[in-house]
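Comments concern the structure below.
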2 protein chains.
Amino acid sequence: MKENSSGKFSAAVNCPIRQVLDRFGDKWSILVVELLSGKGRLRFSEIGQHIGDISQKMLTVTLRSLESDGLISREIFPEIPPRVEYELTALGKSLVPHIESLTGWGVEHLDAILQNRKAYELRQKKTTY
Amino acid sequence: MKENSSGKFSAAVNCPIRQVLDRFGDKWSILVVELLSGKGRLRFSEIGQHIGDISQKMLTVTLRSLESDGLISREIFPEIPPRVEYELTALGKSLVPHIESLTGWGVEHLDAILQNRKAYELRQKKTTY
DNA sequence: AGCCTTACTTACTTTTTAGTAACAATCGTG
DNA sequence: CACGATTGTTACTAAAAAGTAAGTAAGGCT
């Protein structure tokens, strides 16, 4: 199953969906965007505390890539101990409703999905036996 | 940075956003849903050809998990060689607009993001030097 | 008898992603 | 003069995701 060699893409290779997924398919980016959307402006440690189980390393990595893409801004206060505050840029804010559209669907249909999964498992067991 | 022990979740642990990400953060699921949304009903090999660079294994895995969640249906035709056709269920179809909302944003802002990235790289080089 | 087809499955390897833990920088405080 | 506070970085490790390649089934065709 190889890439087709025509000039056009076969509905998938290098399509915009992939680029969005490559960017937001990671574990923390969308979570940080949503958090900053709800809380406004937060410092490094506050984001970590709100998320609860993110490591310092991944928080740094995630914030850097969001900053690099222009979705959040980073302000350093020259104090000791250091203080750094993050908030969504206009671009970041423009993304929020689209995330919430998706998570809204998730909330609405999560129960149905879990029930489907259970039913599927049962079907598998039956036919295996 | 540990999970907080209060009954409430700190805006993130076990929140719906994570469940959606856990489900659709993989490389192929959303792609398959979008494809079936556009093409209607497709057989296994056709999906593979349209996507272009998915392995048989990952296509099977992806289709199984989508089926298990009730997002797609699977019909086996008892022929030889075998024929199996997939299409979105009502639940799967209900997800499509939300995906397209997100990818629409991606298309609209991808250039800006790429430019931001470039500008960020340059800033890094300057201050490192 | 051997090859073709399609839709898988399985075992194994590689790649990617994330976690852990220790260290750096810097100044105020006890 | 060690310690704490905060925001990181770095090296190393573990785990998850994905890729590769070979095998399976079952009947039709030559």
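Sequence lines set the chain letters: A, B, ... in the order given, protein chains first and strands last, and positions in each chain run from 1. All values reported here derive from a predicted model rather than from experimental measurement.
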Atom NZ of K27(B) and atom P of dT17(C) are separated, to the nearest Å, by 9 Å

L21(A) atom CG is separated from dT16(C) atom P, nearest whole Å, by 17 Å

F24(B) CZ to dA17(D) P, in whole Å, measures 15 Å

Problem set entry | E85(A)/R83(A) ion pair, N-O < 4.0 Å | yes

K57(A) NZ to dT13(D) P, in whole Å, measures 13 Å

To the nearest angstrom, the CD-C1' distance between E75(A) and dT6(D) comes to 16 Å

Expected string for nucleotides 1-7 of chain C under the B/S/- scheme (protein heavy atoms, under 4.0 Å, primed atoms plus P, OP1, OP2 as sugar-phosphate) is ----BBB

Self-check item: salt_bridge(K27(B), D53(B)) N-O dist < 4.0 Å
Solution: no

*asked:* Counting C-beta onward and ignoring hydrogens, is there a side-chain heavy-atom pair between R18(B) and I51(A) closer than 4.5 Å?
replied: yes

Just list the side-chain donor-acceptor pairs under 3.5 Å for residues 70-78 of chain B, sequence neighbours left out, or say none.
| unit_1 | atom_1 | unit_2 | atom_2 | d |
| --- | --- | --- | --- | --- |
| S73(B) | OG | E87(B) | O | 3.4 |
| R74(B) | NE | Y86(B) | OH | 3.2 |
| E75(B) | OE1 | R41(B) | NH1 | 3.2 |
| E75(B) | OE1 | R41(B) | NH2 | 3.0 |

| query | So, T103(B) side chain and G106(B) main chain: donor-acceptor pair closer than 3.5 Å or not? | reply | no

note: I76(B), atom CD1; dA26(D), atom C1'; distance rounded to Å ~ 15 Å

Atom CG of D26(B) and atom P of dT16(C) are separated, to the nearest Å, by 17 Å

Sorted by chain and number, sequence neighbours left out, side-chain contact (heavy atoms from CB on, under 4.5 Å) with L110(B) holds for Q19(A), L114(B)

Atom CG of L63(A) and atom P of dT6(D) are separated, to the nearest Å, by 17 Å

